[in-house]
Amino acid sequence: MNRKRVPRIIGGFIGFVVGGIGGAFFGLVVGGTFLGGLDIYESTGLEGYELAAYVGAIAGAIVMTIVGAKFAQRVADKKGQGNFK
């Protein structure tokens with residue numbers, strides 16, 4: 001495996017986990033606040049806050065995977081540019 005890809009893979013995985021948890025939490029907050037009173041259980045089988053948590057977890061995981069991979073690559077590039085060149 002190419003050594004330049006390892007930080008991107010690790011950063012992407014960490015971003016995926018953090019994004020999933022953070023997105024689910026944000027979805028629960030938004031869903032509980034704004035969608036708690038809606039009766040969408042009959043049509044979807046899910047409460048509003050549950051649906052918002054699932055959508056938030058998926059969106060957060062996708063976005064933070066990309067952001068985490070780019071951030072990890074940027075940090076790895078800066079670490080490689082030492083003052084010893």
Side-chain angles (χ1 to χ4, degrees):
M1 182 179 295
N2 193 357
R3 289 191 73 130
K4 290 191 174 208
R5 291 187 184 171
V6 172
R8 290 189 73 129
I9 292 171
I10 293 171
F13 180 72
I14 292 171
F16 180 81
V17 172
V18 169
I21 294 170
F25 178 74
F26 186 70
L28 275 173
V29 170
V30 170
T33 304
F34 298 112
L35 302 175
L38 296 178
D39 292 329
I40 61 172
Y41 182 78
E42 291 83 21
S43 60
T44 62
L46 295 171
E47 294 290 336
Y49 64 90
E50 292 174 345
L51 185 62
Y54 293 141
V55 170
I58 292 169
I62 290 171
V63 170
M64 287 304 294
T65 299
I66 297 167
V67 170
K70 288 184 179 183
F71 181 73
Q73 186 65 43
R74 191 176 316 136
V75 169
D77 288 344
K78 284 185 181 178
K79 292 251 182 193
Q81 296 177 357
N83 294 330
F84 302 110
K85 285 187 175 183

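If you read the sequence from its start, that first residue is 1, and numbering goes on from there. Keep in mind it's a predicted model, so treat the numbers as computed, not measured.
Side-chain contact check for I40 versus L46: every heavy-atom pair is 4.5 Å or farther apart.
With hydrophobic clusters built from ILVMFWY side chains whose heavy atoms lie under 4.5 angstrom apart, I21 shares a cluster with F13. Taken together through direct or relayed side-chain contacts under 4.5 Å among Ile, Leu, Val, Met, Phe, Trp and Tyr, V6 and I14 form part of one hydrophobic cluster. Note on F34: it clusters hydrophobically with F26, by side-chain heavy-atom contacts below 4.5 Å among ILVMFWY residues.
Minimum heavy-atom separation, A52 to G27: CB-O, 3.3 Å. Counting all heavy atoms, side chain and backbone alike, A72 lies closest to G11 at CB-CA, 3.7 Å.
To the nearest 0.5 Å, atom OG1 of residue T33 and atom CG of residue L28 are 10.0 Å apart. With values rounded to the nearest 0.5 angstrom, R74 atom CZ is found 7.0 Å from K78 atom NZ. Summarising the geometry, atom CD1 belonging to I66 is positioned 10.0 Å from atom CZ belonging to R8; distances are rounded to the nearest 0.5 Å. Separating the CD atom in Q73 from the CG atom in D77 is a distance of 4.5 Å, to the nearest 0.5 Å.
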